[in-house]
Amino acid sequence: MEKYASDFVDNMIFYRTQKNMSQLELSGICDCAKSTISGIESRKNYPSFELILKIAYALEVTPADLFLRDASKSDEEIRAHIEHILSEGLKNLLETEFSPRT
């Protein structure tokens with residue numbers, strides 16, 4: 001669950017800054033206090049379901065976009081990361097399964 005919360009905050013900050021929107025502006029659109037947005041972004045508070053919907057609407061994204069992988073990473077960065085993980089996994093598999101046994 002912690003990963004989803006972290007991705008949510010990272011994505012919320014990313015989309016907010018992409019729109020050049022301040023925390024105060026976002027809070028105004030979401031009809032909440034600036035301290036609420038600040039608390040979420042500092043990972044001290046969790047938003048309600050209703051507030052998640054309002055944040056998504058304000059940032060012009062779907063609620064799902066706020067929970068998906070870190071939006072600040074490009075597709076190329078993600079592809080390179082996956083290739084690295086797969087490469088390491090394959091290397092370990094080959095070493096484990098096909099190394100000479102003594």
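Residue numbers run from 1 in the order of the sequence given. Model, not experiment: these values are computed from the prediction. Excluded from the calculations below are hydrogen atoms, water molecules and symmetry mates; all remaining heavy atoms, backbone and side chain alike, are included.
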Transitively linked via ILVMFWY side-chain contacts under 4.5 Å: [X] with [Y]?
X	Y	result
Leu53	Tyr15	no
Ile40	Tyr4	yes
Leu51	Ile29	yes

Thr17 side-chain N/O to Ile13 backbone N/O, donor-acceptor pair under 3.5 Å
yes
Quick one, [X] and [Y] - any side-chain contact, counting heavy atoms below 4.5 Å?
X	Y	value
Met12	Ile37	yes
Leu59	Asp65	no
Leu66	Phe8	yes
Lys19	Glu25	no
Asn11	Val61	no

Indicate the atoms forming the closest heavy-atom contact of Leu24 with Ser27, along with that distance.
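What the structure gives for the nearest pair is O-OG, 2.7 Å.
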How close do Phe67 and Ile52 get, heavy atom to heavy atom, and via which atoms?
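That closest heavy-atom pairing would be CZ-CD1, 3.8 Å.
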Rounded to the nearest 0.5 Å, what's the gap from SG on Cys30 to CD on Glu50? Could you check?
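If we round to the nearest 0.5 Å, Cys30:SG and Glu50:CD are 10.0 Å apart.
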First locate atom CG of Leu26, then atom OG of Ser38, and finally report the distance between them rounded to the nearest 0.5 Å.
11.5 Å
CG (Asp31) with more than 12 external heavy atoms under 6.0 Å
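Not buried by this count: 12 neighbours or fewer within 6.0 Å.
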So, are Arg16 and Glu41 salt-bridged, with charged N and O less than 4.0 Å apart?
yes
